[in-house]
Amino acid sequence: MARTLPGLGELETAVLELLWDECAAGAGDAVDAGAVDRSDDLSVRQVTDLLSRTRPLAYTTVMTVLAHLYDKGAVSREKVGRGYRYRPARSREDFGADALGELLRGSGDAEKLLLHFATREGGGLDPEEASVLRRITARLRRGGAGA
């Protein structure tokens with residue numbers, strides 16, 4: 001099964017990740033021959049064409065998914081001509097941080113949940129994740145919150 005982001009379905013996740021990848025490149029970046037012109041946002045046609053490289057989808061399906069993502073606040077859009085151009089409403093990092101914060105607030109005991117996550121048998125942190133957590137903890141102890 002394909003990976004999904006919290007609160008999103010498989011196709012919504014694929015579309016949002018494509019927007020993060022393509023829109024993050026920004027205007028003026030070098031693009032491959034045949035690649036879509038990269039700008040701050042993408043039309044439904046551009047999203048459909050980019051997705052069709054790995055999974056053929058109807059234009060109307062992509063349009064519906066983008067409308068759902070807009071309704072969920074995951075993307076923003078701007079009316080251009082008769083259609084819209086879409087971009088992520090938040091960065092990957094902000095999306096993840098918001099999802100994690102919501103999970104921790106809803107757990108009833110954030111400390112207990114994090115401790116269980118980090119130490120559970122067969123599903124705890126791998127060595128790299130543990131190292132990241134130690135670096136973050138050390139940074140917070142020194143009074144710095146920046147990444």
Side-chain angles (χ1 to χ4, degrees), residues 1-32 35-78 84-147:
M1 181 173 183
R3 185 175 81 83
T4 61
L5 294 168
L8 302 180
E10 181 182 333
L11 189 52
E12 290 171 326
T13 296
V15 169
L16 185 55
E17 288 189 338
L18 181 137
L19 287 172
W20 277 323
D21 291 343
E22 295 297 319
C23 294
D29 286 354
V31 293
D32 301 357
V36 173
D37 177 35
R38 294 177 185 215
S39 62
D40 290 339
D41 48 26
L42 295 173
S43 68
V44 176
R45 172 57 56 208
Q46 289 173 308
V47 173
T48 303
D49 291 347
L50 287 165
L51 284 173
S52 71
R53 296 175 181 175
T54 56
R55 61 190 314 169
L57 294 167
Y59 177 92
T60 53
T61 300
V62 175
M63 185 171 57
T64 300
V65 170
L66 285 163
H68 289 181
L69 287 170
Y70 176 77
D71 291 343
K72 292 179 178 186
V75 300
S76 59
R77 68 184 182 191
E78 181 180 345
Y84 291 100
R85 294 187 62 85
Y86 293 86
R87 75 186 66 73
R90 300 175 285 170
S91 69
R92 273 187 176 99
E93 296 78 13
D94 283 341
F95 189 92
D98 289 347
L100 182 56
E102 189 175 317
L103 178 67
L104 291 172
R105 284 187 297 280
S107 72
D109 189 338
E111 183 177 350
K112 189 182 253 183
L113 175 66
L114 286 170
L115 181 61
H116 180 73
F117 171 74
T119 60
R120 67 190 170 127
E121 189 174 323
L125 298 176
D126 67 30
E128 176 59 27
E129 292 167 333
S131 176
V132 168
L133 188 55
R134 282 191 295 276
R135 287 193 307 269
I136 291 169
T137 303
R139 185 178 306 134
L140 291 173
R141 284 186 179 141
R142 288 191 307 267

By side-chain hydrogen bond (donor to acceptor under 3.5 Å, both in side chains), which residues pair with Glu93, not counting sequence neighbours?
Ser91

Ignoring hydrogens, what is the shortest heavy-atom contact between Ala89 and Gly73? Give both atom names and the distance.
CB-O, 3.4 Å

Between Val75 and Val15, is there a side-chain heavy-atom distance shorter than 4.5 Å?
no

With a 4.5 Å cut-off on side-chain heavy atoms, are Tyr84 and Asp41 touching?
no

Indicate whether any N or O donor in one side chain lies under 3.5 Å from an N or O acceptor in the other, for Ser131 and Arg135.
yes

Solution key, residues 58-71 side-chain donor-acceptor pairs under 3.5 Å, sequence neighbours excluded:
from  : atom 1 : to    : atom 2 : distance (Å)
Thr64 : OG1    : Thr60 : O      : 2.9

A side-chain contact here means heavy atoms from C-beta on lying under 4.5 Å apart; do Leu42 and Leu18 qualify?
yes

Looking only at heavy atoms, which two atoms of Ala14 and Arg55 are closest? And how far apart?
CB-NH1, 3.7 Å

Looking at every heavy atom in both Trp20 and Arg90, which two are closest together, and how far apart are they?
NE1-O, 2.7 Å

For residues Glu22 and Gln46, determine if any side-chain heavy atom of one lies less than 4.5 Å from a side-chain heavy atom of the other.
no

Where do Leu5 and Phe95 land on the side chain to side chain contact (heavy atoms under 4.5 Å, CB included) test, with the steps shown first?
CA-CA 9 Å; Leu5 294 168; Phe95 189 92; 3.7 Å; yes

Go through the steps for Asp49 and Arg45 under the test side chain to side chain contact (heavy atoms under 4.5 Å, CB included), then give the verdict.
CA-CA 6 Å; Asp49 291 347; Arg45 172 57 56 208; 3.4 Å; yes

